[in-house]
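Everything below concerns the one structure shown next.
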Amino acid sequence: MNAYLHALPALLGRGLLATVTISVASMLIALVGGFGIGLLRALRNPLVDAAAIAYVEILRGIPLLVLMFFVCFGLPQLGIGIDAAPAAIVALGLWGAANGAEIVRGALVSIPRGQSEAGVALGLGRIAVLRSIVLPQALRRTVAPFMSLFTAIVESSSLAALIGVKEILETVRVDIENDATLWTPLLLTALALYFAINFPVSLASQRLERKLG
Amino acid sequence: MTAEPRSAMVSLDGVRKSFGSHEVLKDINLSVAPGEVCCIIGPSGSGKSTILRCINRLVRIDGGEVTVDGLRVTDPTVKDVDLRRRVGMVFQQFNLFPHMSALRNVTLAPRKVLGLSAAEAEARALSLLGKVGLAEKAGSYPAQLSGGQQQRVAIARALALEPKVMLFDEATSALDPEITGEVLAVMRELAAEHTTMICVTHEMGFAREVGTHVVFMDGGSIVEEGPPRSVFENPQAERTKAFLSKVL
Ligand SMILES: Nc1ncnc2c1ncn2[C@@H]1O[C@H](COP(=O)(O)OP(=O)(O)O)[C@@H](O)[C@H]1O
Ligand SMILES: [Mg+2]
């Protein structure tokens with residue numbers, strides 16, 4: 001019990017902070033990047049499309065852990081120095097943006113063609129049709145999948161332990177290696193922490209969905 | 001802009017259109033004078049919708065020429081917006097914007113395309129909603145309206161740019177038979193005001209009574225056309241007779 005209490009400050013302090021920081025920063029990159037790429041694809045420029053498709057397919061096609069290793073250990077060899085925590089954010093963010101782009105694209109194409117056609121027939125330009133007609137309807141359909149993506153980002157942030165970031169899992173691991181009796185209490189605490197991060201995300205998304213509905 | 005004097009409001013001259021290897025319009029010639037109500041009838045897949053869609057450039061034609069109020073659709077210097085301001089379109093599925101109230105559906109184009117102020121656009125929209133009998137539904141969203149009401153809002157929306165010609169693509173086909181009447185009544189009223197209209201329709205009663213000109217299409221060609229009385233009561237072509245015997 002004493003050892004558990006002793007391990008707790010690092011877990012609730014640095015560990016939790018690192019997980020939250022990596023997760024939130026990656027979510028923001030995923031959100032902004034996802035909408036950026038998804039909306040660019042709506043312009044139907046062949047060159048932009050090809051670049052976006054390549055980006056999305058490559059990032060979704062490689063294991064996230066490999067991507068994290070590459071950013072953390074590969075980039076420095078190419079002369080781009082980066083610390084472990086920022087590397088985790090970059091990898092998770094790029095991966096999240098690729099998935100976010102597919103979410104946005106999927107939501108945009110799910111809006112019936114007749115909607116944009118009606119806008120075009122009314123004399124609206126392509127951008128106006130997107131902004132006033134298609135996007136507002138598509139927005140609501142991105143909320144639930146983005147919430148799943150955010151949850152996946154929080155969970156995948158634990159991969160950062162493998163590149164040495166002292167986030168929740170890594171903090172727990174170090175303490176457990178010193179005292180095996182801490183296995184159960186610390187892991188349960190870690191699980192509770194992940195839940196405590198994800199639950200508000202889920203609540204916020206439900207509220208947002210209702211608001212946009 | 002080419003504004004050569006012409007008697008036709010809309011004319012199609014030798015219009016051809018293919019989708020892939022499928023020739024959907026074969027040398028279509030049609031002229032619609034101001035104030036005329038041209039009704040296009042014919043079996044499904046004969047190219048009726050495609051004709052309408054060539055008129056406002058929703059579909060690009062492969063050959064021939066379409067002229068709307070003196071503007072040639074194949075002329076690259078004619079802007080989409082200038083063409084579409086002159087052409088109002090009403091769709092079978094209404095295609096109202098579900099996230100906007102009836103009022104905003106109607107004010108959208110006047111604001112974005114004509115640059116009217118919010119107050120000007122609203123005044124215009126309210127008057128148009130009144131015209132289609134839905135002034136009190138201005139604040140309702142499409143999901144709160146019946147099919148007939150939605151289509152009447154869609155007509156008001158299409159009228160909001162004060163178009164020179166109105167296109168109706170089976171405006172009543174998605175409606176239950178008992179409520180087609182309220183939409184047809186609005187269309188009759190527009191015709192009575194000498195609105196130039198091109199109506200693809202399965203409502204033979206409407207075509208016969210309101211149409212000033214009836215066009216029968218089949219297989220991408222105009223098989224027969226003329227005043228309603230001659231097409232309906234004295235059809236010449238075998239295909240017209242066969243079609244009419246099925247639908248009348
Ligand atoms: N965008 C398109 N791409 C491919 N084929 C099309 C397209 N639009 C229409 N067609 C085809 O063209 C033919 C005529 O269609 P349409 O003009 O909609 O006929 P109608 O309105 O008389 O039923 C049909 O065979 C249809 O399948
Ligand atoms: Mg059709």
Side-chain angles (χ1 to χ4, degrees), chain A residues 31 34-35 38-46 48-49 100 103-147 204-213, chain B residues 49 52-60 78-100 104-116 121 125 141-143 150-151 153-163 165-169 174:
Chain A
L31 195 63
F35 269 94
L39 288 174
L40 276 179
R41 293 210 54 190
L43 298 180
R44 298 228 183 81
N45 175 308
V48 173
D49 270 9
I103 291 173
V104 172
R105 192 185 69 86
L108 290 176
V109 302
S110 77
I111 305 305
R113 218 183 130 81
Q115 287 290 307
S116 51
E117 216 158 60
V120 166
L122 283 169
L124 271 63
R126 199 186 267 191
I127 305 280
V129 166
L130 190 61
R131 199 181 54 200
S132 302
I133 298 169
V134 180
L135 193 54
Q137 297 183 60
L139 216 45
R140 187 177 184 278
R141 301 187 186 189
T142 66
V143 176
F146 259 112
M147 128 87 201
S205 116
Q206 281 170 27
R207 184 172 299 178
L208 186 60
E209 214 166 10
R210 233 173 295 136
K211 204 175 142 197
L212 292 174
Chain B
S49 296
L52 295 189
R53 297 159 66 83
C54 288
I55 295 171
N56 63 354
R57 268 194 194 150
L58 285 184
V59 159
R60 305 246 161 197
V78 171
K79 294 200 205 94
D80 285 341
V81 62
D82 288 323
L83 201 55
R84 287 168 184 154
R85 279 174 63 160
R86 289 171 164 76
V87 182
M89 191 167 204
V90 176
F91 303 87
Q92 183 176 347
Q93 300 298 337
F94 330 138
N95 298 347
L96 285 184
F97 308 130
H99 57 301
M100 298 180 190
R104 273 204 62 214
N105 265 277
V106 184
T107 57
L108 181 71
R111 297 209 58 191
K112 302 260 172 201
V113 177
L114 302 183
L116 295 195
Y141 283 79
Q150 288 188 52
Q151 191 62 299
V153 173
I155 293 173
R157 180 177 72 176
L159 288 168
L161 292 178
E162 300 179 334
V165 54
M166 286 285 287
L167 310 179
F168 293 85
D169 193 355

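Naming convention: chains lettered A, B, ... in sequence-line order (proteins, then strands); numbering from 1 in each chain.
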Next on the checklist: Filter on salt bridge (charged side-chain N to carboxylate O under 4.0 Å, His left out), then keep only pairs touching residues 125-135 of chain A, sequence neighbours left out; what's left?
Outcome noted: none
Next on the checklist: Tell me which of these, B:D80, B:V90, B:L83, B:L58, has more heavy-atom pairs under 4.5 Å with chain A than the rest.
Outcome noted: B:L58
Checklist entry - Highest number of heavy-atom pairs under 4.5 Å with chain A: which of B:R157, B:M100, B:R57? => result B:R157
Checklist entry - Taking every heavy-atom pair that is under 4.5 Å apart, which of B:H99, B:Q93, B:K79 has the most such pairs with chain A? => result B:H99
Using residues 107-114 of chain B as the side-chain source, report each donor-acceptor pair under 3.5 Å to any protein atom, sequence neighbours left out, with the distance given to one decimal.
unit_1: B:T107; atom_1: OG1; unit_2: B:L103; atom_2: O; d: 3.3
unit_1: B:T107; atom_1: OG1; unit_2: B:R104; atom_2: O; d: 3.4

Item to check | Interchain contact, B:N56 with chain A, by part (heavy-atom threshold 4.5 Å) | outcome: side chain
Checklist entry - Contact part of B:F97 toward chain A, heavy-atom cut-off under 4.5 Å: side chain, backbone, both or neither? => result both
Item to check | Passing option when B:R84 is tested against A:L124, A:L122, A:V120 for side chain to side chain contact (heavy atoms under 4.5 Å, CB included) | outcome: A:V120
Checklist entry - Using a heavy-atom distance cut-off of less than 4.5 Å, which residues of residues 105-118 of chain A contact chain B? => result A:G114, A:Q115, A:E117, A:A118
Next on the checklist: Once side chain to side chain contact (heavy atoms under 4.5 Å, CB included) is applied, do any residues pair with A:P145, and if so which ones, sequence neighbours excluded?
Outcome noted: A:I103
